[in-house]
Amino acid sequence: MSKVSVLVAAYNAAKFLDKCLTSLVQQTHADLQILCVDDASTDSTPDVLSRWTHSDPRITVIRLTENGGQAHARNVALKQTTGDYVCMVDSDDWLAPDAIEKAVGVLDNHPATDCVLFQVVEVTGTHQRRYPLPQFDAMSGPDAFEASLTWQLHGLYMIRADLHRRFPYDDSSRAYSDDNTTRVHYLHAREVRVCSGVYYYLQHGESVTHSVSVRRFDYLRANESMRRQMELSGADDRLISLYENVRWLNLVDLYMFYFRYRRQLPKSERQYGLKEIKRVWRNIEVHRLTPRNRFKPGYAPLRPFWGLFRLEEEIYFSLRFLIKGR
């Protein structure tokens with residue numbers, strides 16, 4: 001059986017790490033290299049990791065002196081991988097005991113498979129929900145990329161190390177650009193499969209993606225980075241148009257975030273967010289948008305009239321929150 005390198009980036013994750021690392025050291029597939037990166041934590045994360053290095057020789061801890069974000073931390077670990085396969089586990093998540101064994105089995109038995117998705121169970125408090133993956137045996141890389149645009153396929157998987165080293169984590173923004181890495185891996189994979197191993201994904205309000213933070217606007221820059229990578233990879237025009245529609249819908253969603261939470265943000269952050277929305281609104285290739293996304297009330301770009309677009313959004317979301325309450 002092949003060796004696996006597991007990447008764990010940790011920032012102020014002391015209260016989660018024991019559960020995460022316990023699930024790794026108890027894997028039925030024992031040939032592991034567990035690389036933990038402390039991303040300049042200010043809580044007791046260094047102490048927790050130090051204790052674990054003394055309890056299991058497979059665990060290596062890398063300590064960063066400056067916080068660089070999750071993608072940067074994972075790239076530091078990626079450079080030290082020695083495994084045939086690589087997977088990442090967030091510091092607040094955990095794996096079922098046989099998860100790695102199941103993924104390795106698929107990769108070992110299918111030489112043309114480059115990525116293997118875990119079964120994901122989303123955990124919110126005491127509630128658990130299985131991520132609804134489509135049924136398939138094997139999917140081509142480009143088809144997996146397309147399915148990931150609407151998150152029919154998630155981004156929690158094991159990958160052949162050589163492919164991952166060719167395409168490390170996108171660190172173009174401090175948050176959200178890891179979605180790009182998933183999609184680039186799928187785009188360049190020969191085929192993608194699913195295993196029965198379970199990844200438990202904890203959802204809580206402390207993460208950037210679930211908090212009211214100016215970092216939410218990083219999503220726009222992450223989307224731009226993905227678009228550039230698609231062009232550099234020679235993605236066909238149809239896929240680029242599909243992704244341009246994704247970029248546009250994300251921009252509208254970010255305006256909704258701005259509309260809903262702007263009073264909770266400091267003035268400078270509020271202004272920055274609106275400036276980012278306007279900048280991306282200007283560079284969207286409107287001719288690539290579907291008729292629905294070009295003309296539906298609340299979604300029409302209305303270029304080049306920024307003031308008119310803002311008025312449209314303000315009216316649309318005012319009515320939406322009045323009628324739906326959200």
Side-chain angles (χ1 to χ4, degrees), residues 3-83 85-101 103 118-128 154-158 164 169 171 174-176 178 181 197-211 213 215:
K3 183 176 182 179
V4 177
S5 295
V6 185
L7 314 182
V8 181
Y11 175 68
N12 290 351
K15 64 183 178 182
F16 303 114
L17 273 168
D18 281 332
K19 187 165 190 173
C20 174
L21 294 178
T22 297
S23 79
L24 296 181
V25 300
Q26 293 181 352
Q27 287 294 303
T28 54
H29 182 87
D31 193 4
L32 301 178
Q33 176 195 30
I34 304 170
L35 292 161
C36 300
V37 182
D38 172 21
D39 195 13
S41 296
T42 57
D43 68 351
S44 59
T45 291
D47 298 328
V48 175
L49 291 176
S50 179
R51 171 165 48 82
W52 275 97
T53 59
H54 290 98
S55 67
D56 196 306
R58 295 173 297 175
I59 297 176
T60 298
V61 174
I62 306 162
R63 292 193 173 90
L64 304 182
T65 57
E66 294 184 11
N67 179 263
Q70 196 172 64
H72 172 72
R74 289 176 186 162
N75 278 336
V76 171
L78 184 63
K79 291 177 182 178
Q80 297 192 27
T81 54
T82 58
Y85 310 138
V86 176
C87 70
M88 69 85 185
V89 179
D90 281 342
S91 56
D92 49 0
D93 299 339
W94 64 96
L95 299 179
D98 62 351
I100 289 179
E101 178 184 355
F118 293 107
Q119 300 291 333
V120 170
V121 172
E122 299 171 339
V123 181
T124 308
T126 59
H127 178 71
Q128 295 189 358
H154 57 66
L156 298 167
Y157 54 96
M158 187 176 291
H164 203 332
Y169 290 98
D171 59 3
R174 291 182 63 87
Y176 303 106
D178 54 344
T181 306
V198 177
Y199 183 113
Y200 290 93
Y201 173 63
L202 180 65
Q203 299 198 35
H204 56 88
E206 296 179 29
S207 66
V208 171
T209 54
H210 294 93
S211 62
S213 167
R215 295 271 66 86

[X]: what forms a ring pair (Phe, Tyr, Trp, His ring centres under 6.0 Å) with it, not counting sequence neighbours?
X    : value
Y169 : H164
H154 : Y131
Y11  : none

Can you name the residues that form a salt bridge (charged side-chain N to carboxylate O under 4.0 Å, His left out) with [X], not counting sequence neighbours?
X   : value
D98 : none
D18 : R51
D90 : R74

### Task
Go through the steps for M88 and L156 under the test side chain to side chain contact (heavy atoms under 4.5 Å, CB included), then give the verdict.
CA-CA 8 Å; M88 69 85 185; L156 298 167; 3.3 Å; yes

#### Entry: Test applied, side-chain contact (heavy atoms from CB on, under 4.5 Å); reference residue, L17; option that passes from T22, L49, D38
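Output: one option passes, namely L49.
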
### Among V6, L32, I34, side-chain contact (heavy atoms from CB on, under 4.5 Å) partner for Q27
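The side-chain contact (heavy atoms from CB on, under 4.5 Å) with Q27 is passed solely by L32 among V6, L32, I34.
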
Do you know which two heavy atoms are closest between [X] and [Y], and how far apart they sit?
X   : Y   : result
C20 : V89 : SG-CG1, 3.9 Å
S41 : A10 : OG-O, 3.5 Å
A13 : T45 : N-OG1, 2.9 Å
A77 : L7  : CB-CD2, 3.8 Å

Taking the side chain as C-beta and beyond, is there a heavy-atom pair between [X] and [Y] under 4.5 Å?
X    : Y    : answer
Y200 : V121 : yes
Y201 : T124 : no
D56  : L24  : no

### Task
Taking R58 for its side chain and A30 for its backbone only, find out whether a donor-acceptor pair lies under 3.5 Å.
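Between the backbone of A30 and the side chain of R58 there is a qualifying donor-acceptor contact (under 3.5 Å).
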
### Query
Counting distance only, does the side-chain N/O of D93 pair as donor-acceptor with the main-chain N or O of L202 below 3.5 Å?
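Side chain of D93 to backbone of L202, a donor-acceptor pair under 3.5 Å: yes, one is there.
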
### Task
Measure the spacing between OG1 of T81 and NZ of K3 and express it to the nearest 0.5 Å.
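The distance works out to 9.5 Å.
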
#### Entry: From CZ (F16) to CH2 (W94), nearest 0.5 Å
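Reported to 0.5 Å precision, the distance equals 9.5 Å.
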
Results of side-chain hydrogen bond (donor to acceptor under 3.5 Å, both in side chains) for [X] - residues two or more places apart only:
X    : result
T181 : none
S23  : none
Q33  : S5, T82

### A103: side-chain contact (heavy atoms from CB on, under 4.5 Å) partners, not counting sequence neighbours
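Per chain and number, A103 pairs via side-chain contact (heavy atoms from CB on, under 4.5 Å) with V116, F118, M158, C195.
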
### Task
Would you please name every residue forming a side-chain contact (heavy atoms from CB on, under 4.5 Å) with T60, sequence neighbours left out?
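side-chain contact (heavy atoms from CB on, under 4.5 Å) check on T60 returns L35.
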
Pair up each side-chain donor or acceptor in residues 61-69 with any protein partner under 3.5 Å, not counting sequence neighbours, and list the distances.
residue, atom, partner, partner atom, Å
R63, NH2, P46, O, 3.1
N67, OD1, R174, NH2, 2.1
N67, ND2, D39, O, 2.9
N67, ND2, D39, OD2, 3.0

